[in-house]
Amino acid sequence: MLLLSLLLAAIVAVQANSVEQVFKSHEVVPDVIPQAPNQFLEVSYSNGLKAKEGVELTPTQVKDQPKVEWTAAPSDYYTLIMTDPDAPSRAEPKFREFKHWVVVNIPGNDVSAGEALAEYVGSGPPKDTGLHRYVFLLYKQPGKLQFDEESVSNRSRRDRPKFSAAKFAEKYHLGNPVAGNFYQAEYDDYVHTLHSQLSES
Ligand SMILES: *[C@@H]1O[C@H](CO)[C@@H](O)[C@H](O)[C@H]1NC(C)=O
């Protein structure tokens, strides 16, 4: 029994370590958050592709809102953030970060029952700006909270540039993210469609 607990503890330690390694090797730590979460977040697109561990996906492949899954107590509330620190490019991130998706007051793990402060928009990395990192972060809230940001639709870029997930988390006392994951993407033809969608209002 003791041996089994030690073994389980070792497995958990190895997994936590690998999240940290992946976040550090792609410099998501420290570019986005000061400390890696303990767990990978499950993020899957309806085409079956997963946003994980820095895998490269195309803007076309991530155009629709993914399914995000985690284990939660139904009485807890969560905040989910997706952010791009590489706006307009990783080399010169002068608009760091571009806010892609923010859902707050998610009861348990039912994202659709949360409040979308920023509706999901997929990747729109400009031409010739290389790979961007798209980072998903899940925070456990201390309880149900009142947020003072205005909601942004998926047709607007209002308040999306110059976002900071870490500052947002600090403002609402969310602590470190409990889980996270990320993919990378560079320009493809779909970016044009997304940019026109974002200029509709
Ligand atoms: C934008 O969000 C609305 C829901 O508010 C959704 O019905 C629509 O499909 C979304 N559009 C795109 C292009 O993602």
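Side-chain contact between Lys67 and Ser46 is absent, with no heavy-atom pair separated by less than 4.5 Å. Contact annotation: the side chain of Tyr134 approaches that of Pro125 to within less than 4.5 Å [non-hydrogen atoms, C-beta and beyond].
In summary, Lys171 and Glu149 engage in a salt bridge, as defined by a charged side-chain N under 4.0 Å from a carboxylate O. Taking the charged nitrogens against the carboxylate oxygens, Lys52 and Glu42 have no contact shorter than 4.0 Å, which rules out a salt bridge.
With Gln197 contributing its side chain and Asn154 its backbone, the two residues share a donor-acceptor pair below 3.5 Å. Although no hydrogens or angles enter the test, the distance criterion places a donor-acceptor pair under 3.5 Å between the side chain of Arg96 and the main chain of Pro85.
Remark: Arg160 CZ to Asp84 CG distance equals 12.0 Å, nearest 0.5 Å. To the nearest 0.5 Å, atom CE of residue Met82 and atom CD of residue Glu97 are 12.0 Å apart. Separating the CG atom in Asp64 from the OH atom in Tyr120 is a distance of 7.5 Å, to the nearest 0.5 Å. A distance of 13.5 Å separates NZ in Lys99 from CZ in Arg157, rounded to the nearest 0.5 Å. Distance CG/Asn38 to CG/Asn176: 9.0 Å, rounded to 0.5 Å.
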Below 3.5 Å, can you tabulate the donor-acceptor pairs from side chains in residues 178-186 to any protein atom, sequence neighbours excluded?
residue	atom	partner	partner atom	Å
Asn181	OD1	Glu53	N	2.7
Asn181	ND2	Leu41	O	2.9
Tyr183	OH	Ser123	OG	2.7
Gln184	NE2	Gly54	O	3.1

Side-chain donor-acceptor distances from residues 70-81 under 3.5 Å, at least two apart:
residue	atom	partner	partner atom	Å
Asp76	OD2	Lys140	NZ	3.4
Thr79	OG1	Gln141	OE1	2.7

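Applying the side-chain contact (heavy atoms from CB on, under 4.5 Å) criterion to Thr60, with sequence neighbours excluded, gives Thr58, Asp188, Tyr190. Evaluation of the side chain to side chain donor-acceptor pair (under 3.5 Å) rule for Arg133 yields Asp31, Asp86 as partners, not counting sequence neighbours. Residues passing the side-chain contact (heavy atoms from CB on, under 4.5 Å) test with Val29 are Phe23, Lys24, Ile33, Ala36, sequence neighbours excluded. Residues forming a side-chain contact (heavy atoms from CB on, under 4.5 Å) with Ser89 (at least two apart in sequence, or on another chain): Ala91, Glu92, Thr129.
Clustering ILVMFWY residues whenever any of their side-chain heavy atoms sit less than 4.5 angstrom apart, transitively, puts Leu138 in the very cluster that holds Val43.
Shown here for Lys50 and Leu57, the closest heavy-atom pair between the two residues is O-CD1, 3.9 Å.
Annotation for His195: atom NE2 counts as buried by contact number, over 12 foreign heavy atoms lying within 6.0 Å. Within a 6.0 Å radius of CD in Glu56, other residues, nucleotides and ligands contribute more than 12 heavy atoms.
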